Amino acid sequence: MNQKELLKKDKELISEGLKLRFFPLTVKEAKGCYITDINDQRYLDLTAGWAVANVGYGRESIAKIIHDQYIKLSFTTQLSAPSETMIQLADKLVEIVPGNFEKKVWFGHSGSDANDLISKFLPVATDRNKIISFIGSYHGQTMGASSLSGHSAQSKFEGRGNVVKIPYPNVYRPFSGISENLTDQTMHFLEEVFTTICPAEDTAGVIIEAIQSDGGMILPPEQFLNALRNICDQHGIYLIVDEVKVGMGRTGKWFSFEHSSIVPDAVVLGKSLGAGLPISAVVGRKEILDTVAAGHMFTTSGNPISTSAAIENIQIIEEENLLENAEKQGVLFLNGLNKLKEKYECIGDVRGKGLSIGVEIVTDRDSKKPDAVKTAALCYHCYEIGLLIYNVGIYGNVLEITPPLTITTAEVKEALRLLDKAFHNIENGNFQYEKLKEYAGWG
């Protein structure tokens with residue numbers, strides 16, 4: 001089947017509810033930081049499949065582990081008859097997640113079901129019925145996770161009524177219009193929430209992304225997480241950090257919250273944990289995760305195939321010093337992107353940590369008006385010239401750069417060259433916008 005036929009069948013057979021398309025790509029194979037389509041066209045990939053392929057594509061050691069594990073033990077339901085791999089992975093996660101308190105691990109299939117656990121268990125664990133999250137957050141698609149989320153893509157759905165959403169401290173687009181003292185502003189706002197619509201004594205927890213990824217790759221002010229931890233402690237409220245997208249080494253540390261000095265009460269993991277296999281985890285305080293026996297379980301969660309792949313994935317990250325590489329290549333990327341910002345007026349802001357980077361596209365820098373159409377055009381045109389990149393943000397106007405952590409200096413330089421070419425061509429009118437009819441991404 002050629003690409004045209006495959007895309008035709010895709011349109012006929014696959015639910016639109018399962019699609020977020022930026023260009024007409026059909027994937028045949030992938031290796032390292034490169035994807036090859038069904039027509040044998042090769043692309044440098046800056047997406048890692050929504051930050052899943054942290055150790056790159058096609059790792060032979062992981063393939064061997066999966067094969068050997070399947071022959072030895074293809075399946076056991078960990079709910080009733082656990083295998084050694086689940087215990088080994090849990091032991092490793094307890095080791096690398098900070099916290100000098102008794103921790104336990106819960107396993108699922110995706111960031112959605114992991115955040116769903118938070119939604120279900122926190123109110124029961126605390127006998128408090130409310131949870132606070134942030135506008136722009138994206139915690140998943142199941143009912144509980146969607147209810148915690150504050151992203152525009154989920155605005156058409158009704159969620160649970162016990163979640164109160166407050167503004168995320170976005171320095172580039174502050175909710176008050178004033179960037180100065182943004183941490184103090186947000187804490188003041190939160191205190192007002194505690195005394196009005198979400199009383200502190202009724203609040204079970206606050207859930208936050210230490211870098212708000214799908215909301216636009218937004219980094220909070222430097223001291224914000226520390227201030228948030230302090231205010232939660234003052235009121236006896238659990239602090240939960242969602243590391244589904246930016247965790248597992250992507251920012252140059254195991255977890256993005258480690259760039260501050262906080263210790264969360266629970267950490268939510270997914271996406272890159274299984275190197276492409278479906279697995280998620282919550283690592284947190286025993287009293288949270290033991291709240292309800294058999295209260296959030298799935299027959300195939302923590303299965304031996306996914307857990308064995310995750311163990312090997314973590315070992316690769318450690319042995320190949322991928323945290324250090326993420327930090328190094330992230331600096332190179334940010335420096336190069338800031339040089340592009342000097343050339344192109346449509347780049348309003350460049351921000352990031354390690355290999356979690358956002359480039360915000362605007363109509364002009366004075367108004368900061370989001371330009372979602374140009375952003376979609378940039379994604380599509382990058383695809384046309386051999387570079388894969390997606391957009392995110394509640395306005396759909398932020399280019400997201402989340403390549404495999406294995407990316408090399410040469411590959412970063414090639415990506416910057418192609419981005420420069422794409423910006424040049426788009427700014428000079430060398431793009432047919434009608435191509436975006438079916439491929440506008442979030443737009």
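On a predicted model such as this, the values are computed, not experimentally measured, just so you know.
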message: Less than 6.0 angstrom from the centroid, inside 45 degrees of the normal: does Arg285 satisfy that with respect to the ring of Phe101?
response: yes

Lys28/Asp40 ion pair, N-O < 4.0 Å: yes

Under a 4.5 Å cut-off applied to non-hydrogen side-chain atoms, are [X] and [Y] in contact?
X      : Y      : answer
Arg59  : Thr406 : yes
Leu399 : Leu378 : yes
Leu405 : Asn325 : no

- request: Could you walk me through whether Phe175 and Phe189 pass ring pair (Phe, Tyr, Trp, His ring centres under 6.0 Å), step by step?
  value: CA-CA 11 Å; Phe175 61 91; Phe189 190 100; 5.8 Å; yes

query: So, for Phe107 and Ala90, which heavy atoms are closest and what is the spacing to 0.1 Å?
result: CZ-N, 3.9 Å

- request: Assess the pair Phe298 and His296: is the distance between their ring centroids shorter than 6.0 Å?
  value: yes

field: Aromatic contact, Tyr344 with Phe423 (centres under 6.0 Å)
entry: yes

task: Decide side-chain contact (heavy atoms from CB on, under 4.5 Å) for Leu225 and Ile208; before the verdict, give the C-alpha distance in whole Å, the side-chain angles of both, and the deciding distance to 0.1 Å.
output: CA-CA 9 Å; Leu225 291 177; Ile208 189 170; 4.0 Å; yes

task: Test Phe22 against Tyr380 for ring pair (Phe, Tyr, Trp, His ring centres under 6.0 Å), laying out the working first.
output: CA-CA 6 Å; Phe22 300 86; Tyr380 196 108; over 10 Å; no

- request: Check Lys353, His259, Glu327 against Thr251 for a side-chain hydrogen bond (donor to acceptor under 3.5 Å, both in side chains) and give me the one that passes.
  value: His259

